Amino acid sequence: MTDEIFSAYLGRRKTASDAFVAGDVGPLHEVSTHCDPATILGPGGTVVAGADAVNTANADGAARLAGAERNDLETLHSGEEGDLAWWVGVQRSVVSVAGQDAAVPMDLRVTELYRREDGSWKLFHRHADPLKDS
(Lines give C-alpha, C1' and ligand atoms only; values in the text may rest on other atoms or scores of the structure.)
Protein backbone atom coordinates (compact mmCIF):
# COMPACT_ATOMS: atom_id res chain seq x y z
CA MET A 1 0.00 0.00 0.00
CA THR A 2 1.28 3.45 -0.91
CA ASP A 3 1.08 6.15 1.75
CA GLU A 4 -1.28 9.01 0.97
CA ILE A 5 0.51 12.32 0.35
CA PHE A 6 -0.51 14.85 2.99
CA SER A 7 -1.18 17.67 0.50
CA ALA A 8 -3.59 15.38 -1.39
CA TYR A 9 -5.31 14.56 1.90
CA LEU A 10 -5.78 18.28 2.63
CA GLY A 11 -7.63 18.54 -0.69
CA ARG A 12 -9.94 15.71 0.39
CA ARG A 13 -10.33 17.42 3.77
CA LYS A 14 -11.46 20.67 2.07
CA THR A 15 -13.99 18.69 0.00
CA ALA A 16 -15.24 17.11 3.23
CA SER A 17 -15.59 20.54 4.84
CA ASP A 18 -17.60 21.82 1.87
CA ALA A 19 -19.89 18.77 2.05
CA PHE A 20 -20.31 19.16 5.83
CA VAL A 21 -21.56 22.76 5.61
CA ALA A 22 -23.98 21.56 2.91
CA GLY A 23 -25.39 18.96 5.33
CA ASP A 24 -23.50 15.89 4.05
CA VAL A 25 -21.31 14.19 6.66
CA GLY A 26 -20.26 11.28 4.37
CA PRO A 27 -16.98 12.76 3.06
CA LEU A 28 -16.00 13.87 6.58
CA HIS A 29 -16.52 10.32 7.87
CA GLU A 30 -14.21 9.09 5.07
CA VAL A 31 -11.33 11.38 6.13
CA SER A 32 -11.88 10.93 9.89
CA THR A 33 -10.58 8.24 12.20
CA HIS A 34 -12.84 5.49 13.47
CA CYS A 35 -10.29 4.52 16.15
CA ASP A 36 -9.67 6.02 19.58
CA PRO A 37 -8.39 8.43 20.65
CA ALA A 38 -10.40 11.08 18.84
CA THR A 39 -11.65 14.46 20.08
CA ILE A 40 -13.50 17.61 19.14
CA LEU A 41 -13.23 20.81 21.15
CA GLY A 42 -16.20 22.57 19.59
CA PRO A 43 -16.89 26.26 18.99
CA GLY A 44 -19.65 26.24 21.61
CA GLY A 45 -17.26 25.06 24.32
CA THR A 46 -18.14 21.38 24.05
CA VAL A 47 -15.71 18.50 24.52
CA VAL A 48 -16.43 15.30 22.61
CA ALA A 49 -14.15 12.30 23.19
CA GLY A 50 -14.02 8.91 21.49
CA ALA A 51 -14.23 8.12 17.79
CA ASP A 52 -17.85 6.94 17.91
CA ALA A 53 -18.95 10.05 19.82
CA VAL A 54 -16.99 12.34 17.48
CA ASN A 55 -18.50 10.78 14.37
CA THR A 56 -21.99 11.01 15.89
CA ALA A 57 -21.41 14.68 16.80
CA ASN A 58 -20.24 15.35 13.24
CA ALA A 59 -23.36 13.70 11.81
CA ASP A 60 -25.57 15.73 14.16
CA GLY A 61 -23.76 18.94 13.21
CA ALA A 62 -24.09 18.32 9.48
CA ALA A 63 -27.81 17.59 9.90
CA ARG A 64 -28.30 21.14 11.21
CA LEU A 65 -26.70 22.70 8.12
CA ALA A 66 -28.38 23.20 4.77
CA GLY A 67 -25.72 24.75 2.55
CA ALA A 68 -23.13 27.47 2.43
CA GLU A 69 -22.75 30.64 0.41
CA ARG A 70 -19.06 30.45 1.22
CA ASN A 71 -16.66 28.07 2.96
CA ASP A 72 -13.04 29.22 2.81
CA LEU A 73 -10.11 27.69 4.67
CA GLU A 74 -7.20 30.06 5.19
CA THR A 75 -4.04 28.18 6.11
CA LEU A 76 -1.76 29.80 8.69
CA HIS A 77 0.56 26.78 8.72
CA SER A 78 0.48 23.05 8.25
CA GLY A 79 2.94 20.21 8.13
CA GLU A 80 3.74 16.63 8.87
CA GLU A 81 6.33 14.75 10.85
CA GLY A 82 6.35 10.98 10.61
CA ASP A 83 2.84 9.65 11.18
CA LEU A 84 1.45 12.93 12.60
CA ALA A 85 0.35 16.05 10.75
CA TRP A 86 -1.43 19.33 11.51
CA TRP A 87 -3.35 22.17 9.95
CA VAL A 88 -3.86 25.55 11.64
CA GLY A 89 -5.99 28.24 10.09
CA VAL A 90 -9.19 30.20 9.85
CA GLN A 91 -12.44 28.84 8.46
CA ARG A 92 -14.66 31.60 7.07
CA SER A 93 -18.12 30.41 6.15
CA VAL A 94 -21.58 31.78 5.56
CA VAL A 95 -23.95 28.89 6.25
CA SER A 96 -27.63 28.15 6.03
CA VAL A 97 -28.86 26.60 9.26
CA ALA A 98 -31.94 24.40 9.12
CA GLY A 99 -34.95 26.31 10.41
CA GLN A 100 -33.43 29.79 9.95
CA ASP A 101 -34.41 32.15 7.15
CA ALA A 102 -31.09 33.95 6.66
CA ALA A 103 -27.58 32.55 6.25
CA VAL A 104 -25.22 33.29 9.13
CA PRO A 105 -21.46 33.90 9.23
CA MET A 106 -19.39 31.22 10.94
CA ASP A 107 -15.78 32.37 11.26
CA LEU A 108 -13.65 29.99 13.30
CA ARG A 109 -10.05 29.62 14.47
CA VAL A 110 -9.18 25.99 13.79
CA THR A 111 -6.46 23.54 14.73
CA GLU A 112 -6.67 20.00 13.36
CA LEU A 113 -4.43 17.01 14.02
CA TYR A 114 -4.12 13.97 11.75
CA ARG A 115 -2.43 10.60 12.00
CA ARG A 116 -1.52 8.04 9.40
CA GLU A 117 -3.67 4.90 9.66
CA ASP A 118 -2.92 2.05 7.24
CA GLY A 119 -1.27 4.44 4.79
CA SER A 120 -4.04 7.09 4.82
CA TRP A 121 -4.28 10.32 6.77
CA LYS A 122 -7.17 10.55 9.22
CA LEU A 123 -8.49 13.49 11.23
CA PHE A 124 -8.44 12.63 14.94
CA HIS A 125 -8.64 16.03 16.68
CA ARG A 126 -10.34 19.33 15.86
CA HIS A 127 -10.35 22.45 18.00
CA ALA A 128 -12.49 25.29 16.67
CA ASP A 129 -13.62 28.46 18.37
CA PRO A 130 -15.11 31.75 17.21
CA LEU A 131 -12.77 34.19 15.51
CA LYS A 132 -12.82 37.54 17.31
CA ASP A 133 -12.45 40.83 15.45
CA SER A 134 -9.01 42.30 16.07
Side-chain angles (χ1 to χ4, degrees):
M1 171 180 274
T2 304
D3 282 339
E4 182 177 24
I5 298 170
F6 185 59
S7 60
Y9 170 82
L10 287 178
R12 290 191 321 120
R13 177 64 186 99
K14 171 63 165 99
T15 299
S17 179
D18 291 342
F20 179 86
V21 297
D24 179 6
V25 75
L28 181 57
H29 280 320
E30 291 175 15
V31 301
S32 296
T33 190
H34 295 274
C35 303
D36 290 333
T39 47
I40 299 173
L41 303 179
T46 58
V47 176
V48 180
D52 290 341
V54 165
N55 289 319
T56 297
N58 284 334
D60 293 345
R64 290 190 294 274
L65 300 174
E69 295 174 15
R70 172 179 116 197
N71 184 48
D72 298 326
L73 301 179
E74 301 171 12
T75 301
L76 297 176
H77 61 89
S78 65
E80 63 179 289
E81 184 69 34
D83 289 336
L84 293 175
W86 62 92
W87 179 86
V88 176
V90 175
Q91 180 175 6
R92 296 182 191 275
S93 305
V94 178
V95 299
S96 295
V97 178
Q100 293 187 8
D101 292 333
V104 294
M106 183 181 70
D107 296 339
L108 302 171
R109 303 179 316 161
V110 179
T111 301
E112 291 187 343
L113 300 176
Y114 317 94
R115 66 176 169 247
R116 200 181 323 259
E117 296 178 2
D118 298 324
S120 296
W121 290 104
K122 298 293 182 177
L123 172 66
F124 75 93
H125 173 77
R126 176 176 168 94
H127 181 185
D129 59 20
L131 178 66
K132 303 287 185 192
D133 291 332
S134 23

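Predicted, not measured: the structure shown is a model, and the values here were computed from it. All residue numbers in this chain count up from 1 along the given sequence.
Taking both residues in full, the closest heavy atoms of P27 and A19 are given as CG-CB, 3.7 Å, listed atom of the first, atom of the second, then distance. Heavy-atom minimum distance, A128 versus V110: CB-CG2, 4.1 Å. Heavy atoms only, all atoms of each residue included: G82 and R116 are closest at O-NH2, 2.8 Å. Between V31 and A16, the shortest heavy-atom distance links the atoms CG2-CB, 3.9 Å. Nearest approach of F6 to A85, heavy atoms of both residues: CE1-CB, 3.3 Å. Between A63 and A98, the shortest heavy-atom contact is O-CB, 4.4 Å.
Both L123 and V25 are members of a single hydrophobic cluster when ILVMFWY side chains are connected at heavy-atom separations under 4.5 Å. V97 and F20 fall within a single hydrophobic cluster, where Ile, Leu, Val, Met, Phe, Trp and Tyr are joined by side-chain heavy atoms under 4.5 Å apart, directly or via other members. Hydrophobic clustering (ILVMFWY, side-chain heavy atoms < 4.5 Å, transitive): Y9 and V54 are in distinct clusters. Hydrophobic clustering, with ILVMFWY side chains joined whenever heavy atoms are under 4.5 angstrom apart, groups V104 together with M106.
Annotation: side chain of V90 is not in contact with side chain of L108 (no heavy-atom distance under 4.5 Å). Within the 4.5 Å cutoff, the side chain of H34 has no heavy atoms near those of the D52 side chain. Proximity of K122 to S32: side-chain heavy atoms (C-beta onward) are nowhere separated by under 4.5 Å.
Within the model, atoms CH2 of W87 and CG of L113 stand 12.0 Å from one another, a figure rounded to the nearest 0.5 Å. Between W121 atom CH2 and L84 atom CG the span is 7.0 Å, to the nearest 0.5 Å. Atom CG of N71 sits about 12.0 Å away from atom CZ of R92, to the nearest 0.5 Å. Here the straight-line distance linking atom CZ of R115 with atom CG of D83 works out to 10.5 Å at 0.5 Å rounding. To the nearest 0.5 Å, the span separating CG on L10 from OG1 on T75 amounts to 7.0 Å. Taking OG of S93 as the start and CG of L65 as the end, the distance is 9.0 Å to the nearest 0.5 Å.
Residue-environment remark: CD (E81) stays at or below the threshold of 12 foreign heavy atoms within 6.0 Å. Heavy atoms from other residues, nucleotides or ligands lying under 6.0 Å from CG of D60 number more than 12.
With hydrogens and angles ignored, the 3.5 Å screen pairs no side-chain donor or acceptor of R126 with any backbone N or O of G42. One N or O on the side chain of N55 and one on the backbone of T33 form a donor-acceptor pair closer than 3.5 Å. Checking side-chain atoms of T15 against main-chain N and O of G11 turns up a donor-acceptor pair under 3.5 Å.
Within the structure, the side chain to side chain donor-acceptor pair (under 3.5 Å) test picks out the following pairs touching residues 95-110 (sequence neighbours left out): R109-D129. Note on residues 11-26: pairs passing salt bridge (charged side-chain N to carboxylate O under 4.0 Å, His left out), not counting sequence neighbours, are E4-R12, R13-E112, K14-D18.
Centroid-to-centroid, the aromatic rings of Y114 and W86 stay 6.0 Å apart or farther.
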Subject >> Criterion side chain to side chain donor-acceptor pair (under 3.5 Å) on T39 and H125, from CA distance to verdict >> reply: CA-CA 5 Å; T39 47; H125 173 77; 2.5 Å; yes
